[in-house]
Amino acid sequence: MPEDESLGALVAQASNHISTLVRSEIELAKSELKFDARRIGAATGLFAAAAFILHLCLILASFTIAYVLVDAVGLAQWLSFLIVTVFYLVLAGLLGFVGYRRLKGLAGFRRTKRSLQTLKGPEQASLAAPSAGEIGSPREPVRETVP
């Protein structure tokens, strides 16, 4: 009977049930993760194949543009291929520059570093360079004086 069980036995049963529940939840999460990982792997392979085919199409389109420049504009063959090549070099340089500018603005785990330094101790945290929000002297709270 449940009324006859001691408090210690009830706590032990509750602890056992909670432990079983946690293990079951972990197993469920593992199985879901494995299923998602397989789907992500298959999707990645399909995206890679699509990117390869698009790359081949870009090469063929480049030849087409070069030969259109030869026929429609009347440029020399070497000059039309040079124009297409220079266009792609300029495009690659522009994309590289934009990518570099995006990477330059990364935070670099500044908040995590600051929080770890404060865990080490306040004297070591003060050695860190201040962030934009911390520049200047900190303000002291106004204390009211009671006459």
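One-based numbering along the sequence shown. Predicted, not measured: the structure shown is a model, and the values here were computed from it.
- Note that CD1 of I26 is 13.0 Å distant from CG of L33, once rounded to the nearest 0.5 Å.
- From E27, atom CD reaches atom CD of E25 across 11.0 Å, with rounding to the nearest 0.5 Å.
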Could you pull out every donor-acceptor pair under 3.5 Å between side chains of residues 14-23 and any protein atom, sequence neighbours left out?
from	atom 1	to	atom 2	distance (Å)
S19	OG	R23	NH2	2.6
T20	OG1	N16	O	2.9

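- We find the CG-CZ distance between L75 and F81 to be 12.0 Å, quoted to the nearest 0.5 Å.
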Per-pair distances, 0.1 Å, donor-acceptor, side chain in residues 51-72, under 3.5 Å, sequence neighbours excluded:
from	atom 1	to	atom 2	distance (Å)
S62	OG	L58	O	2.8
S62	OG	Y88	OH	2.8
T64	OG1	L60	O	2.9
Y67	OH	Q77	NE2	3.2

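- There is a path of hydrophobic side-chain contacts, each under 4.5 Å, that joins V90 to L79.
- Applying the side chain to side chain donor-acceptor pair (under 3.5 Å) definition to pairs two or more places apart or across chains, none involves residues 93-106.
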